[in-house]
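Whatever order the structure lists them in is the order used to number ligands and atoms, beginning at 1. Everything numeric in this text was worked out from a predicted model, so none of it was measured.
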Amino acid sequence: MRVEAVCTGCSLLCDDIVVEVEGGRVKKVLHACAIGAKRIESALEAERALKPLAGGRIVSLDEAVKQAAEMLREARRPLLYGWCNSVNEAVRLGLELARKVNGFFDGPMSVCHGYSIWYARMKGIRPPKLDEVLDRADHVVYWGCNPAESHHRHASRFAVFPRGEKTPEGVESRSVTVVDVRPTRTMRIANHRLIIPPGRDAALAKLIAGELSGSRGKPSEAGVAEEEFYSFIESLKRSTYVVVFYGLGLYSAGERSGVEGLYELIKVLESSGVKAAAIPMSGHYNMVGAVEEALSATGYPYAIDFSGGQPSFSQEQTAVKLLSKGEFDVVLVIGSDPLASMPRQAVSGLKKSKVIAVDYQLSLTARAAELVLPAAVGGVESGGTATRMDGERLELKPFLEPAGCSRADEEILKMVAKEL
Ligand code: SF4
């Protein structure tokens, strides 16, 4: 049997995937890239979390849920962490749960693209839909990101190769620029390659804005090669619709000025008569949704502290920083592997806490957890809505039954909340 599916391998959420299913197993995945196919096939992996575990011992789901509720209820300072790999409905339940246990709600968004998503929303900027980019953008800039490695189908589905209404020749109708600190695979498809030293993104954005508004600076101020820079500027001036897709490279050295500089540049482009927009290239499939759900429920994007009853927020108090100080005694981790990705100090704080892992795989964090609640694979075994990098909400189309004792994130969260 052939079924249609939405891939949750990255924030592009490709909705043209076809999966051949036979006897409840995936036989073939069509149209997906290698990352997407791996995600879909992960439902079959040996490293799958299939049974609830407490202290390494298999227990019933009811028992594990009761224990999770008890740990959260008795926690002095609980952290509820993850959410970027969960559907919007689960994020909403997570926020309610955090409120109920006076916990701290956060996830990778606080050290990733959360700030840029929030910054754009604060300024009232809504990104264009990817279909509009396909139809109309004649200059695409990849800045501090490398989709050839991270979002394989970005260029072929939307931004570079396909033919659109105002880009009838596809790649021939578009200019492609890549800005990065080193040569990347994405540069192979670029007309302009701007290599800058780390941390010079804001300087480059300012330099480009200056060129467009008539106040010339020196390319050396941003550390960019002169010839490449001016050839890019000429091409930019001939463009009618510029879209900048940006990655974490813009945050080099932990600076946010790169993101702010980029949005200033977008304003300058617009005032010079060129239509322009910027879209963050988040990796996790629902980081945009997680931030938007948090904003709509509390007015804050991430790092939301419910310990005083009412939600509060400080950009300086993220889960990573507070874990480094050993602040949390119980941590519920959902769809994330902080032991494998956080800095050393935060990891040692996490190791001192009791961890409840809700995950479809036995990640490093799940293996070290006190309690494991096996989750269904989002988009494969469980549905709900997720928000694409451009803000488009898509309904996932699960096509397999959850394996073993696994359950959808929402179901697990509802069961725990009921026990509280
Ligand atoms: S580009 Fe992303 S969403 Fe599309 S198939 Fe690949 S991993 Fe999946």
Of Tyr302, Phe306, Trp83, the residue whose pairing with Phe105 passes ring-ring contact (aromatic ring centres under 6.0 Å, His included): Trp83
By salt bridge (Lys or Arg N to Asp or Glu O under 4.0 Å) - contacts of Asp16 (at least two apart): Arg153, Arg157
No-hydrogen, no-angle side-chain donor-acceptor test under 3.5 Å, Ser175 and His192: no
Under 2.8 Å from atom 2 (Fe) of ligand 1, the protein N, O or S atoms, given as residue and atom: Cys10 SG
Parallel, tilted or perpendicular, as decided by the 30° and 60° cut-offs, for the rings of His154 and His151: perpendicular
Residues Asn88 and Asn286: side-chain donor-acceptor under 3.5 angstrom: yes
Electrostatic pair Glu264:Lys267 at N-O distance under 4.0 angstrom: yes
